[in-house]
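When a residue number appears, it is its place in the shown sequence, counting from 1. As the structure is a prediction and not an experimental result, all values here were calculated from the model.
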Amino acid sequence: DNIRERSHGLESELEQSFYWIDTPDDMEIYQEDKEVSSPYNIGEVEGTINLLMWLDENLNEEKTVGVIAPYKAQTKRLEKEINTVEFKHLEIEVNTIDAFQGREKQIIIMNLVRNNQRKELGFIVHDSRLNVAFSRAQELMFVIGNTNFIYQNKGKLSKLYDTIVHLRGNAAVKRIEEFARVRQDV
């Protein structure tokens, strides 16, 4: 709600200030995996890179970007991949949601990471931590995650479920493929 009316410089492409980027159900790359006890999601890492590349191509001014995730295994993979790309308009910081508390960036991209058959929810079940994550964006917020995983667990994930319903009503749920770009090594 705090960013609803703020200008972000991409209004011709993105009318809203808060978007859910939905990942496919039927692709294994978008299922979470684990490093020791810390989950990660390679599909969301690639989706984040594609979204960052799309933003960089479409922005005409420099923006600060926070890329956040609940798990260290995810942030390590995000940082490694982000460092392989040169961005002209984006000053990017990657960190866990908890480490980002109390700070803001113009654009926030949040990876939910969780998407599994075992219905393990982890961090995303805690509304207070989601509130922290959702309030870090000054101009534009993206959440990358699987909507069907949230729907299947809506009893325990009511805040995320309500967020998706609200965003769908505003045409602010996009498929991750809409931001896909062919990566070219720099």
Side-chain angles (χ1 to χ4, degrees), residues 1-3 16-51 65-82 93-105 107-137 140-170 172-179:
D1 281 347
N2 66 322
I3 59 171
Q16 307 296 324
S17 295
F18 193 126
Y19 284 88
W20 189 286
I21 309 301
D22 194 15
T23 61
D25 296 322
D26 56 351
M27 294 178 67
E28 192 174 323
I29 191 172
Y30 291 102
Q31 295 290 313
E32 73 181 66
D33 210 336
K34 278 198 171 139
E35 176 182 285
V36 187
S37 63
S38 186
Y40 63 91
N41 186 315
I42 293 297
E44 288 185 17
V45 171
E46 280 301 313
T48 299
I49 298 297
N50 286 330
L51 177 56
V65 181
V67 178
I68 59 177
Y71 305 104
K72 193 71 177 159
Q74 185 76 356
T75 60
K76 282 178 13 188
R77 283 166 177 76
L78 284 162
E79 200 157 34
K80 180 180 179 211
E81 291 300 315
I82 287 168
E93 178 184 349
V94 179
N95 222 323
T96 63
I97 292 167
D98 288 342
F100 216 82
Q101 189 166 348
R103 298 191 359 259
E104 295 180 332
K105 296 287 183 186
I107 301 170
I108 293 290
I109 301 171
M110 176 184 171
N111 285 206
L112 285 184
V113 180
R114 291 301 194 161
N115 186 16
N116 60 72
Q117 302 300 316
R118 301 169 308 280
K119 297 189 176 189
E120 292 176 358
L121 307 176
F123 174 98
I124 63 174
V125 79
H126 302 291
D127 287 352
S128 61
R129 294 169 106 183
L130 291 173
N131 288 337
V132 166
F134 288 176
S135 64
R136 302 300 94 200
L140 191 55
M141 175 81 194
F142 295 95
V143 175
I144 299 178
N146 185 272
T147 56
N148 284 336
F149 182 74
I150 305 303
Y151 287 160
Q152 292 165 7
N153 296 285
K154 68 182 177 184
K156 292 181 180 175
L157 300 175
S158 59
K159 180 173 184 63
L160 287 174
Y161 175 79
D162 292 344
T163 299
I164 293 168
V165 169
H166 173 77
L167 292 172
R168 274 203 199 283
N170 290 317
V173 175
K174 305 269 188 195
R175 291 183 357 269
I176 202 162
E177 297 88 356
E178 293 180 50
F179 298 98

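Among residues two or more places apart in sequence or in another chain, the side chain to side chain donor-acceptor pair (under 3.5 Å) test is passed with Asn116 by Glu32. Remark: Tyr71 engages Arg114 in a side chain to side chain donor-acceptor pair (under 3.5 Å) (not counting sequence neighbours). The salt bridge (Lys or Arg N to Asp or Glu O under 4.0 Å) search around Glu79 returns none, not counting sequence neighbours. When the side-chain contact (heavy atoms from CB on, under 4.5 Å) test is applied to Asp33, the partners found at least two apart in sequence or on another chain are Tyr40. For Arg168, the side-chain contact (heavy atoms from CB on, under 4.5 Å) test picks out Asp22, Thr147, Tyr151, Ile164, Val173, with sequence neighbours left out. Applying the salt bridge (Lys or Arg N to Asp or Glu O under 4.0 Å) test to Lys72 and every residue at least two apart in sequence or in another chain returns nothing. Under the side chain to side chain donor-acceptor pair (under 3.5 Å) criterion, Gln152 pairs with no residue, sequence neighbours left out. Partners of Phe100 by ring pair (Phe, Tyr, Trp, His ring centres under 6.0 Å), not counting sequence neighbours: none found. With sequence neighbours left out, the side-chain contact (heavy atoms from CB on, under 4.5 Å) criterion links Gln101 to Val132. For Asn170, the side chain to side chain donor-acceptor pair (under 3.5 Å) partners at least two apart in sequence or on another chain are His166.
The backbone N or O of Arg136 lies less than 3.5 Å from no partner atom in the side chain of Arg103, so there is not a single donor-acceptor pair.
Shown here is Lys80, whose NZ atom has no more than 12 heavy atoms of other residues, nucleotides or ligands within 6.0 Å.
The CD1 atom of Ile68 sits 4.5 Å away from atom CD1 of Ile97, with the distance rounded to the nearest 0.5 Å. The CD1 atom of Ile108 sits 8.5 Å away from atom CD of Glu93, with the distance rounded to the nearest 0.5 Å. If you take CD on Gln16 and CG on Leu167, they are separated by 8.0 Å, rounding to the nearest 0.5 Å. Separation of atoms CG (Leu121) and CG (Leu160) is listed at 9.5 Å; rounding is to 0.5 Å. Taking CD of Glu28 as the reference point, atom CD1 of Ile42 lies at 12.0 Å (rounded to 0.5 Å). Note that the CD atom of Glu44 and the CG atom of Asn146 stand 8.5 Å from one another [nearest 0.5 Å].
Between Thr75 and Asn95 there is no side-chain heavy-atom pair separated by less than 4.5 Å. Proximity of Val65 to Lys105: side-chain heavy atoms (C-beta onward) are nowhere separated by under 4.5 Å. Between Phe134 and Thr163, some side-chain heavy-atom pair lies under the 4.5 Å cut-off. Between Ile124 and Phe149 the shortest side-chain heavy-atom distance falls below 4.5 Å. Residues Leu130 and Met110 have side chains in contact (heavy-atom distance under 4.5 Å, counting atoms from C-beta outward).
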Side chain to side chain contact (heavy atoms under 4.5 Å, CB included) between Tyr19 and Leu51: does it pass, once the steps are laid out? CA-CA 12 Å; Tyr19 284 88; Leu51 177 56; over 6 Å; no

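Pairing each heavy atom of Val113 with each of Ala69, the nearest pair is CG2-CB, 4.4 Å. Nearest approach of Asn41 to Gln74, heavy atoms of both residues: N-OE1, 2.6 Å. Contact record, Pro70 with Asn111: CD-O, 3.0 Å, taken as the closest heavy-atom pair. Looking at every heavy atom in both residues, Pro39 comes nearest to Ser37 through CD-O, 3.5 Å.
For residues 151-166, the set of pairs meeting the salt bridge (Lys or Arg N to Asp or Glu O under 4.0 Å) definition, not counting sequence neighbours, is empty.
The aromatic rings of Phe179 and Phe142 stand perpendicular to each other, their planes meeting at an angle above 60°, with 30° marking the opposite boundary.
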